[in-house]
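Below is one structure, written out as structure tokens; comments come after it.
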Amino acid sequence: MSPPPPSPVTVIGIGADGWNGLGPTGREALHTAEVIIGGHRQLALLPPECPAERVPWPSPLRPAVPGLLAAHTGRRVAVLASGDPMFFGIGRTLAEELGADRLRVLPHPSSVSHACARLGWPVEDTEVISLVGRPIAALARCLHARRRLLVLSAGAATPAEVAALLRDRGFGPSRMRVLEQLGGERERHLEGTADHWPHAPGDALNVIAVDCAPAAGTLRLAAVPGLPDQAYDHDGQLTKRHVRAATLAALAPAPGELLWDVGGGSGSIAVEWMRAHPTCAAVSVERDPARAGRIGRNAAALGVPGLRVVTGAAPGALDGLPTPDAVFIGGGLTAPGLLEACWAALPGGGRLVANTVTLESEALLAAWYRRHGGELVRLAVAHAAPVGGFTGWRQAMPVTQWSATKPAGPTAPTGSAEGATSP
């Protein structure tokens, strides 16, 4: 006879109003639990009549979850979570660890719901950014005029840190409101602007509301690829704005996808790939240490601090990297084995885009085009410039671009690959 399935873990959302804010189902689950796991602050909200053993989460939390749950196998376990457990909460971790069928989730109104209710903001029109365990530089990606943001704070010092970032990114006039202990008896609201944030650190349990307002002269950064060239720190190794926009269109980022940016230069392709969606990821490979450092700084300044930078020469530096959904080669095309390694790394349906301005690399791309098809285009941009007292066109170096999608299975060559190493 097979043993009975393990009891589900009950995850109970709790707010700053504590026990009084729980419904009868949540109270019953806590009364009957043998073990209650939660943060120190959450466990302190429970009344003495809850008889269960109280176990605080250790730090760091995520690596400890499997062992902690295994230690209480066979007992009725309840887990306390702030607000809605499935919204930037412990519910996600538990679902990944146990599976949804082992969880019973009792949500409470989230801090976002409480904050929007106080502010009169529609939840669906409000962008939410969590800084809990995340770098504050990620906030920069969300800064646009008239945008409303709710920032989930990492602690009492976060409001001042947010104000400093807003000032640094040219959004000092933005209105800030800090909402502490939402829903509890000690709820408090603070207000000011990022330019003149007057408040000392307060309660660690807070949410920051930001009405984004740029200062005069702040560089406008669009939500689509093709940021102004002056948005980047570079030494001339930069895919220029119009070619960059065309390159990102060919790479076609989609949520959750990973890019290899080979020959990163200033990192502009990887940065704008990641700005396309919060779940897009990228690895930028750059052999020059100074440029690699610059890529990291550009990524942080433009709100994608999660960009991974690998310092080393490709193709050797590609070994061990996670499988990409797309590859961009912006330099070093003639390095032996580079195109072969990048093409081999792609799964079926993956995209490869390569740009060059040299005849030698252009010949190589033409050979790969004959073999694998795709698109081979020449991008030419001219800018109006003074010619004496008149205006004429100043032509930039044309860029040859090859883009192709790797077939799902083995295919025969589409033509001769004369002059190319067989891929």
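All of these numbers come straight from a predicted model, not from anything done at the bench.
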How close do [X] and [Y] get, heavy atom to heavy atom, and via which atoms?
{"X": "W273", "Y": "A252", "result": "CZ3-C, 4.4 Å"}
{"X": "A163", "Y": "W197", "result": "CB-CB, 3.9 Å"}
{"X": "L30", "Y": "A78", "result": "CD2-CB, 4.1 Å"}
{"X": "L221", "Y": "P228", "result": "CD2-CD, 4.1 Å"}
{"X": "V357", "Y": "P398", "result": "CG1-O, 3.6 Å"}
{"X": "P107", "Y": "V105", "result": "CD-O, 3.4 Å"}

Is the closest basic N to carboxylate O distance between [X] and [Y] below 4.0 Å?
{"X": "D229", "Y": "R241", "value": "no"}
{"X": "E191", "Y": "R177", "value": "no"}
{"X": "R291", "Y": "D235", "value": "yes"}
{"X": "E97", "Y": "R102", "value": "no"}
{"X": "E272", "Y": "R244", "value": "yes"}
{"X": "E127", "Y": "R148", "value": "no"}

Pairing donors with acceptors under 3.5 angstrom, does anything connect the side chains of [X] and [Y]?
{"X": "D261", "Y": "S284", "value": "yes"}
{"X": "E180", "Y": "N206", "value": "no"}
{"X": "R169", "Y": "T218", "value": "no"}
{"X": "S266", "Y": "Q237", "value": "no"}
{"X": "T311", "Y": "E286", "value": "no"}
{"X": "S268", "Y": "N298", "value": "no"}

Just wondering, more than 12 heavy atoms not from [X] lying within 6.0 Å of its [atom1]?
{"X": "Q230", "atom1": "CD", "value": "yes"}
{"X": "R394", "atom1": "CZ", "value": "no"}
{"X": "E96", "atom1": "CD", "value": "yes"}
{"X": "R287", "atom1": "CZ", "value": "no"}

Can you tell me how far [atom2] of [Y] sits from [atom1] of [X], rounded to the nearest 0.5 angstrom?
{"X": "R175", "Y": "T193", "atom1": "CZ", "atom2": "OG1", "answer": "11.0 Å"}
{"X": "W402", "Y": "L365", "atom1": "CH2", "atom2": "CG", "answer": "7.5 Å"}
{"X": "E340", "Y": "L338", "atom1": "CD", "atom2": "CG", "answer": "8.0 Å"}
{"X": "L259", "Y": "R351", "atom1": "CG", "atom2": "CZ", "answer": "9.0 Å"}
{"X": "F88", "Y": "S111", "atom1": "CZ", "atom2": "OG", "answer": "10.0 Å"}
{"X": "L182", "Y": "H114", "atom1": "CG", "atom2": "NE2", "answer": "6.5 Å"}

Using a 4.5 Å cut-off on heavy atoms from C-beta on, say whether the side chain of [Y] contacts that of [X].
{"X": "L139", "Y": "L149", "result": "yes"}
{"X": "D84", "Y": "P109", "result": "no"}
{"X": "L339", "Y": "L364", "result": "yes"}
{"X": "V353", "Y": "Q401", "result": "yes"}
{"X": "M176", "Y": "H196", "result": "no"}
{"X": "V162", "Y": "L131", "result": "yes"}
{"X": "L346", "Y": "L352", "result": "yes"}
{"X": "R308", "Y": "P322", "result": "yes"}

Keeping the roles fixed (side chain from [X], backbone from [Y]), state whether a donor-acceptor pair exists under 3.5 Å.
{"X": "T356", "Y": "T358", "result": "yes"}
{"X": "T158", "Y": "S153", "result": "no"}
{"X": "R275", "Y": "A222", "result": "yes"}

Could you go through D211 and S174, starting from their C-alpha distance and side-chain angles, then the distance that decides it, and tell me whether this counts as side-chain hydrogen bond (donor to acceptor under 3.5 Å, both in side chains)? CA-CA 6 Å; D211 290 276; S174 300; over 6 Å; no
Steps toward side-chain contact (heavy atoms from CB on, under 4.5 Å) verdict (H40, W57): CA-CA 8 Å; H40 290 283; W57 287 115; over 6 Å; no
For the pair E362 and T400, evaluate side-chain hydrogen bond (donor to acceptor under 3.5 Å, both in side chains) and give the outcome as yes or no after the intermediate values. CA-CA 6 Å; E362 184 179 272; T400 299; 2.5 Å; yes
Is there a side-chain contact (heavy atoms from CB on, under 4.5 Å) between C116 and L150 once you walk through the steps? CA-CA 9 Å; C116 286; L150 275 182; 3.7 Å; yes
Decide yes or no on side-chain contact (heavy atoms from CB on, under 4.5 Å) for F328 and V262, but give the supporting numbers first. CA-CA 6 Å; F328 171 65; V262 182; over 6 Å; no
For V387 and W393, run side-chain contact (heavy atoms from CB on, under 4.5 Å): C-alpha distance rounded to whole Å, both residues' side-chain angles, the deciding distance at 0.1 Å, then the answer. CA-CA 9 Å; V387 180; W393 293 109; over 6 Å; no
